[in-house]
Amino acid sequence: MYNIPIETVQQQRDLGVIVTENLKHDKHVEKSVKNASRILGFIARNFEYKSKNIILPLYKALVRPHLEYAVQLWSPTIRKEINKIEKIQRKTTKIIPEIRNLSYERRLQRLELISLEQRRLRGQLIETFKYLNGLNNVTLEGLFEKDGNVRTRNHGQKLLLRNFKTSQAMNFFPVKIAATWNQLPENIVYAGTVNTFKNRLDKFWITNPPVLHPTNYVPNSLKLMYD
C-alpha cells in the first residue's frame, strides 16, 4: 500500500483487543485475566480488612473492567476460556471472610452478583436492544436480520436464526444472540428505554434463569463447577 510493504503478523492489538490470525481471542483472554489477577492480588495483599463493603467496590472498579472491556466483540465460547475468566470472580468472592466457606453460587447471591458469563449475555442483549431501536447510530445491515415469517409466533422483533460453517461466524455476537433474544417476552423487547429493558430483564431472569450457550457450541458435558 503506497509502496510500503504490509507486515504480516500472527496477532494484532486493535483498540485494546488482541486478535490472532485465526480470528480467535484466546490471547486476549489470557492478557485480560493476567491483568485482572495482578490487581486482585495487590488488593488481597494490601488491604487488611476484607469485608464486603471494601472488597466489592474495589473489585467492580479495578478488577472486573479488565474482564469486560469490549466484551461484545471477544466474548469467549470455549469452556476453558470461560472458566479462566470466571475464576477471577471466584477468587474475589473467597477473599471476603464471612462468605468464603459458601458455594460460589451462594457467594454470588450474598453479594448480589451474577456470574460473569451471565453478565456477558446480559450485555449482549442490552446492545441488541440498542441496535434494534436505533440507539447505536449504526445500520442493522450485515449485523441483525429480522425474521419476516409472520406465521411464526413471535413478539414482532424476532431475529432470523442463521447457520454458518465456521465456529468464528457462528459465535459472532449478532448471530449467537438471536436465539436468546427470540425467547424474551414482549414486554421486555418493547421496553421504552434502556433502563426499563435492564430492569425487566433482571426481574424476568429471577424466575427464568437464562440458558447459556443456546447455540450448543460448547459441549454439554463440560459444566462450570462451583467450588
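Computed from a predicted model, the values in this text were never measured in an experiment. Residue numbers count from 1 along this sequence.
- Counting all heavy atoms, side chain and backbone alike, A61 lies closest to P65 at O-CG, 3.5 Å.
- Residue pairs meeting the side-chain hydrogen bond (donor to acceptor under 3.5 Å, both in side chains) criterion with at least one member in residues 28-44, sequence neighbours excluded, are H28-S32, H28-W74.
- Partners of V33 by side-chain contact (heavy atoms from CB on, under 4.5 Å), not counting sequence neighbours, listed by chain and number: V29, L67, K84, I85, I88.
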Next item on the list: Check the pair K130, F197 against side chain to side chain contact (heavy atoms under 4.5 Å, CB included), reporting the backbone distance first and the verdict last.
Entry: CA-CA 10 Å; K130 291 179 180 178; F197 177 85; over 6 Å; no
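- Partners of H66 under the side chain to side chain donor-acceptor pair (under 3.5 Å) rule, at least two apart in sequence or in another chain, do not exist in this structure.
- With sequence neighbours excluded, no residue forms a salt bridge (Lys or Arg N to Asp or Glu O under 4.0 Å) with R106.
- Below 30°, between 30° and 60°, or above 60°: for W181 and F129 the angle between ring planes is between 30° and 60°, a tilted geometry.
- One hydrophobic cluster holds both L113 and L116 under the rule that ILVMFWY side chains link at heavy-atom gaps under 4.5 Å.
- Annotation: salt bridge (Lys or Arg N to Asp or Glu O under 4.0 Å) contacts of K27 (sequence neighbours excluded): none.
- Linking ILVMFWY residues whenever their side-chain heavy atoms come closer than 4.5 Å, directly or via other members, places F47 and V63 in the same cluster.
- At least one side-chain heavy atom of L132 sits under 4.5 Å from a side-chain heavy atom of L159.
- Applying the salt bridge (Lys or Arg N to Asp or Glu O under 4.0 Å) rule to E81 yields no partners; only residues at least two apart in sequence or on another chain are considered.
- Listed by first then second residue, pairs satisfying salt bridge (Lys or Arg N to Asp or Glu O under 4.0 Å) with a partner in residues 45-59 number zero, not counting sequence neighbours.
- By the side-chain contact (heavy atoms from CB on, under 4.5 Å) test, N46 pairs with F42, sequence neighbours left out.
- Taking R100 as the reference, nothing meets the side chain to side chain donor-acceptor pair (under 3.5 Å) condition, with sequence neighbours excluded.
- Among residues two or more places apart in sequence or in another chain, the side chain to side chain donor-acceptor pair (under 3.5 Å) test is passed with R122 by D202.
- Between E117 and R79 there is a salt bridge, with a side-chain nitrogen of the basic residue lying less than 4.0 Å from a carboxylate oxygen of the acidic one.
- A search for side chain to side chain donor-acceptor pair (under 3.5 Å) contacts involving R110 returns nothing, not counting sequence neighbours.
- Among residues two or more places apart in sequence or in another chain, the side-chain contact (heavy atoms from CB on, under 4.5 Å) test is passed with K80 by I78.
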Next item on the list: Just do the side chain to side chain contact (heavy atoms under 4.5 Å, CB included) check on I188 and L125 with the steps written out, would you?
Entry: CA-CA 11 Å; I188 296 180; L125 289 172; over 6 Å; no
